[in-house]
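Have a look at the structure below, then the notes.
In listed order, ligands and their atoms are each counted from 1.
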Amino acid sequence: MARTDIEDIEVELFQRALLARHGYDFGGYAPASFRRRVLNLASSLGCGSVGELTSRMLREDALLPNVIAGLSVPVSEMFRNPSTFRALRTEVFPILGSYPLINIWQAGCAFGQEVYSLAILLEEAGLYDRCQIYATDFSDAALARAQEGIFPARDARQYSENYLAAGGKRSLSDYCHARYDFMKLDDRLRRNVTFANHNLVCDGVFCEAHLILCRNVLIYFSDALQDHVLALFRDSLVRNGFLCLGNRENIDFAPAGRDFAAVDAAARIFRKNAGNG
Ligand SMILES: C[S@@+](CC[C@H](N)C(=O)[O-])C[C@H]1O[C@@H](n2cnc3c(N)ncnc32)[C@H](O)[C@@H]1O
């Protein structure tokens with residue numbers, strides 16, 4: 001009979017303990033990358049094994065934010081995949097402009113690079129003052145960083161190039177100021193942004209959104225969990241609302257995907273079918 005590796009058993013026990021003790025369910029995450037993150041987390045917290053990590057996580061409640069931060073992958077950049085932002089600007093913003101008030105939900109905001117990018121483009125399109133943007137993540141540590149809007153100066157050049165490729169009309173430096181080794185995005189970009197904790201696995205409809213951006217989050221989920229989240233997005237969108245996913249994510253395989261039609265398949269921009277609520 002095939003025997004399971006001890007580490008695999010420990011990872012499974014860790015996952016069950018995290019659910020039982022703290023209510024975080026990682027059962028629908030892709031197993032290989034979840035395993036990798038648990039092993040990294042154990043070593044970064046100085047635990048000799050995943051078993052030791054589990055034991056600490058069960059007894060030290062104060063460790064939970066570190067655990068969630070370690071399991072989340074807050075990799076992002078401003079105007080990531082600039083062609084997507086260009087497509088939002090040319091294909092989606094003109095339609096959003098027909099609403100008196102525009103609700104936007106950016107799910108999985110990581111350290112906030114994407115929400116500041118969006119705020120800049122909405123400002124340049126003259127729409128920002130009509131927008132309420134909800135930026136959510138399940139990691140409080142990521143949300144705290146996102147709220148600060150401070151990024152390493154070494155990323156500035158890449159962000160500027162992305163901004164111009166996304167169709168930016170000015171210079172990115174007009175929206176931030178340099179501080180030692182950091183760049184800080186202007187506070188005014190945050191004036192219509194609400195940061196909030198929301199877990200896509202277990203939390204419900206967040207708002208009545210005209211546009212939902214959720215990029216590079218579904219890739220970490222199993223097909224069943226992706227379908228669950230796509231249904232959540234469908235139910236959170238107004239009739240004809242837009243959904244924008246990451247460029248390695250899709251909706252074809254999922255039953256909930258039938259409730260959307262592609263607006264720009266390459267840019268992964270979809271629209272909720274008119275018949276669905
Ligand atoms: C790779 S980042 C994507 C950041 C940004 N959307 C982008 O494309 O650049 C993935 C983010 O999803 C968040 N995340 C993962 N699972 C989540 C869940 N169940 N609910 C909410 N956010 C989640 C992580 O904390 C992380 O910040």
Task: Residues in side-chain contact (heavy atoms from CB on, under 4.5 Å) contact with N40, at least two apart in sequence or another chain - done: none
Open item on the list: Give the residues near ligand 1 by chain and number, with the criterion being a heavy-atom distance under 4.0 Å.
Closed with: Y29, S72, V73, P74, V75, S76, R80, Q106, G108, A110, E114, D137, F138, H198, N199, L200, V201, R215, N216, V217, Y220, F221
Task: Centroid-centroid under 6.0 Å between F242 and F270 rings - done: no
Check: residues 142-160 side-chain donor-acceptor pairs under 3.5 Å, at least two apart:
unit_1	atom_1	unit_2	atom_2	d
Q158	NE2	N162	OD1	2.9
S160	OG	A156	O	3.2

Task: Modelled atom types, side-chain donor and acceptor of T90 and R86, under 3.5 Å - done: no
Quick one: side chains of residues 205-218, donor-acceptor pairs under 3.5 Å with protein atoms, not counting sequence neighbours, listed by atom name and distance.
unit_1	atom_1	unit_2	atom_2	d
H210	ND1	N103	N	2.9
R215	NH1	E114	OE2	2.8
R215	NH2	R80	O	2.7
R215	NH2	N81	OD1	3.3

Open item on the list: Determine whether the aromatic ring centres of residues Y29 and Y220 are separated by less than 6.0 angstrom.
Closed with: no
